[in-house]
Amino acid sequence: MKFSLITPYLPSEYDQLLALKTNLMAQTTTDFEWLIAGTLPIDLDQTEWQAPFTIRQVHPKASTVGAARNAAMAVAQGDWLVFVDSDDYLLPTALATVTALEGLKSTTFIDLNQYPTYEPHVSFVNSLTQTSATDTLPKWGGPKRQRLRNRPLNLSADLLTELPTTTPIPAVVQNWLTHKYLLFTGEDRFEQFGRQAKITGKILNRQPVQQHHWQFDETNALYPDYHFLTQAMLATPTYLRLADPLYVRVKHNDPINQPSIHQLEDPHRWHHRLAAWQLALVDLPVGPLHVAFSRFTLDRLHRYLYQALATSSETTVADSPALMDQLHDYLQLVDPDTLRELPHNSRQILRAIRRQPRVPQFQINVLVRLRQLNRVIRHRGRGITRLAYNWWFTKLPIKPRTILYESFLGRNFSDSPKAIYNYLERNYPGRFHHVWVMNPGVRVRLKTT
């Protein structure tokens with residue numbers, strides 16, 4: 001079993017690629033090739049790029065992630081395609097574990113099981129050098145669990161044969177004990193749809209990908225995966241997810257200096273998202289997958305769209321009328337029964353848009369305010385000040401020549417606000433009314449320096 005690891009990259013991600021290359025060198029198997037796809041030329045003959053596995057560079061025709069993945073898939077030579085982002089990592093036994101699984105078919109959709117964290121790659125690399133254990137994840141990052149979680153013991157085959165037993169262990173059972181996984185088939189598979197809706201950390205057989213000519217959307221810079229993934233799900237009736245996470249997804253914690261694609265400020269984001277959903281739904285026949293995808297997309301509309309429309313501006317929604325036209329067309333394609341599953345207010349809003357492509361602004365504003373009020377109630381009054389500010393104080397007229405200052409959450413009189421205050425008092429004395437936000441008990445004598 002040979003793997004083709006596919007990694008798209010941007011010119012700014014050169015250092016991330018090198019870190020990922022170091023990570024891949026820790027794999028316990030070298031029977032794979034690594035295809036890095038991007039427009040930045042890389043000299044693979046340099047010493048820093050030498051590795052015990054094959055590294056090939058692919059130059060896509062366009063600079064989008066979808067074009068990069070398509071170009072890599074076209075030249076891949078492995079039996080299985082593994083999709084790895086440049087800022088993510090694989091645990092050392094990831095590929096060897098998949099190789100050891102018995103009974104894998106070309107129609108199996110494999111999930112390495114993502115482990116999300118905000119920790120940088122340095123923490124990950126250091127944790128691997130501190131222990132040789134392979135059956136546990138690093139003790140950093142990830143969500144905190146209130147309950148203990150059982151972990152499978154990755155016992156070696158030799159050790160299993162030494163366990164006292166009166167009943168011989170079948171080979172398939174022994175294989176499962178060593179490499180635990182979960183199998184989903186039929187309609188049960190799509191109860192796990194959210195996990196399958198991200199291409200990173202997934203493994204697909206190359207043969208059906210090339211046979212059916214599945215492609216990522218090269219024109220959608222933000223959401224190129226949905227059409228590819230839904231077509232792959234149609235042709236793979238079995239979803240296999242490893243019990244323990246072997247794929248570390250590093251979440252971006254610096255949206256200003258190092259934003260991920262999903263953190264980029266794009267006023268056309270909802271336009272791109274709806275275009276991707278519509279492209280996928282058009283090619284989905286009526287059935288469980290169509291229902292699952294309809295439910296998945298409607299849930300995201302219900303959670304995130306209304307806030308953007310309630311605060312519609314050039315930075316949230318660039319063209320509301322055009323977005324309503326897209327949303328109107330998309331709602332004609334979704335499964336009607338899934339629309340009935342939404343809460344009442346959300347259902348009424350989307351039904352109105354389905355009838356006529358127009359923003360029901362009043363209903364949206366009411367829904368957003370009810371959500372804000374409900375959040376304050378659930379937190380027993382916490383956030384009431386922010387709510388009052390958003391509802392009423394932002395509507396009051398701005399006081400002329402009045403400047404509000406705050407430094408370190410009102411704890412002291414310092415830093416840039418102090419410098420600005422001193423400059424204005426020194427150069428424009430008496431022209432402005434200065435108001436400082438201070439915590440109770442903090443005493444400061446305002447004096448120019």
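Side chains are part of it too, since the values below use all heavy atoms of this structure and drop only hydrogens, waters and symmetry mates. As the structure is a computational prediction, the values presented were derived from the model and not from experiment.
Every residue meeting the side chain to side chain contact (heavy atoms under 4.5 Å, CB included) condition with T238, not counting sequence neighbours, appears here in chain and number order: T108, L183, T185. Take D415 and apply the salt bridge (Lys or Arg N to Asp or Glu O under 4.0 Å) test, not counting sequence neighbours, and it matches no residue. Residues that satisfy the salt bridge (Lys or Arg N to Asp or Glu O under 4.0 Å) test with R386, not counting sequence neighbours, are absent from this structure. By the ring-ring contact (aromatic ring centres under 6.0 Å, His included) test, W34 is found to be paired with no residue, residues two or more places apart in sequence or in another chain being considered. With sequence neighbours excluded, no residue satisfies salt bridge (Lys or Arg N to Asp or Glu O under 4.0 Å) with R380. For W391, the ring-ring contact (aromatic ring centres under 6.0 Å, His included) criterion is met by no residue, not counting sequence neighbours. R303 meets the salt bridge (Lys or Arg N to Asp or Glu O under 4.0 Å) test with D299; sequence neighbours excluded. D319 meets the side chain to side chain contact (heavy atoms under 4.5 Å, CB included) test with H271, P321, A322; sequence neighbours excluded. Scored by the ring-ring contact (aromatic ring centres under 6.0 Å, His included) test, Y223 finds H262 as partners (sequence neighbours excluded). Y304 pairs by the ring-ring contact (aromatic ring centres under 6.0 Å, His included) definition with nothing, not counting sequence neighbours. V291 is linked by a side chain to side chain contact (heavy atoms under 4.5 Å, CB included) to R295, D335, T338, counting only residues two or more places apart in sequence or in another chain.
Atom CZ in F216 sits 5.0 Å away from atom CZ in R69 (nearest 0.5 Å). Atom CD of E341 and atom CG of L298 lie 8.5 Å apart (nearest 0.5 Å). Taking CG of N345 as the start and OH of Y306 as the end, the distance is 9.0 Å to the nearest 0.5 Å. Taken to the nearest 0.5 Å, the CG atom of L301 stands 9.5 Å off from the CG atom of L309. Atoms CE and CZ, from M73 and F83 in turn, are 5.5 Å apart once rounded to the nearest 0.5 Å. Rounding to the nearest 0.5 Å places NZ of K2 at 10.0 Å from OG1 of T30.
Counting only distance, with no hydrogens or angles, the side chain of H328 and the backbone of R354 share a donor-acceptor pair below 3.5 Å. Remark: the backbone N or O of Q77 is paired with a side-chain donor or acceptor of E33 at under 3.5 angstrom. A donor-acceptor contact shorter than 3.5 Å links the side chain of N220 to the backbone of L222. Remark: the backbone N or O of H212 is not paired with any side-chain donor or acceptor of Q231 at under 3.5 angstrom. Here the side chain of S346 pairs no donor or acceptor atom with the backbone of L342 at under 3.5 angstrom. Remark: the backbone N or O of A67 is paired with a side-chain donor or acceptor of T64 at under 3.5 angstrom. Between the side chain of S4 and the backbone N or O of G78, at least one donor-acceptor pair lies under 3.5 Å. Although no hydrogens or angles enter the test, the distance criterion places no donor-acceptor pair under 3.5 Å between the side chain of K202 and the main chain of L229. The closest donor-acceptor contact from the side chain of N23 to the backbone of L90 lies under 3.5 Å. Judged by distance alone, with hydrogens and angles left aside, the side-chain atoms of Q50 form a donor-acceptor pair with the main-chain N or O of L44 at under 3.5 Å.
Side-chain contact between N374 and L370 is absent, with no heavy atoms from C-beta onward closer than 4.5 Å. Counting heavy atoms from C-beta outward, L240 and I203 have side chains that stay 4.5 Å or more apart. When side chains are defined from C-beta on, D244 does not count as touching K180, because their heavy atoms never get closer than 4.5 Å. Using a 4.5 Å cut-off on side-chain heavy atoms (C-beta onward), L20 and D15 make no contact.
The two residues T29 and A96 come nearest to each other via the heavy atoms CG2-N, 3.9 Å. Residue E13 comes nearest to Y9 through the heavy atom pair OE1-CA, 3.3 Å, listed as atom of the first residue, atom of the second, then distance. Heavy-atom minimum distance, E406 versus V437: OE2-CG1, 3.7 Å. Pairing each heavy atom of S294 with each of L281, the nearest pair is OG-CD2, 3.9 Å. Minimum heavy-atom separation, L91 to Q27: O-NE2, 2.8 Å. The minimum heavy-atom distance between A72 and A37, with the atom names listed, is CB-CB, 4.4 Å.
When the shell of 6.0 Å around CD of Q207 is examined, it contains 12 or fewer heavy atoms from other residues, nucleotides or ligands. Within a 6.0 Å sphere centred on CZ of R369, other residues, nucleotides and ligands contribute more than 12 heavy atoms.
The distance between the ring centers of F184 and Y239 falls below 6.0 angstrom.
Residue pairs meeting the ring pair (Phe, Tyr, Trp, His ring centres under 6.0 Å) criterion with at least one partner in residues 333-354, sequence neighbours excluded, are absent.
A side-chain donor from one of Y247 and D88 sits under 3.5 Å from a side-chain acceptor of the other. Checking T297 against Y330 by side-chain atom types alone, a donor-acceptor pair falls below 3.5 Å. No hydrogens or angles considered: a donor-acceptor pair under 3.5 Å links the side chains of T219 and D217. Residues Q372 and N390 have side chains that never bring a donor and an acceptor to within less than 3.5 angstrom of each other.
Figure legend: cation-pi geometry between R300 and F296, with NZ or CZ positioned under 6.0 Å from the six-membered ring centre and within 45° of its axis.
Of the options F3, F53, W80, a ring pair (Phe, Tyr, Trp, His ring centres under 6.0 Å) to F32 is made by F53 and by none of the others.
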Is there a side chain to side chain donor-acceptor pair (under 3.5 Å) between S414 and S407? Walk through the geometry before answering.
CA-CA 6 Å; S414 63; S407 179; 3.2 Å; yes

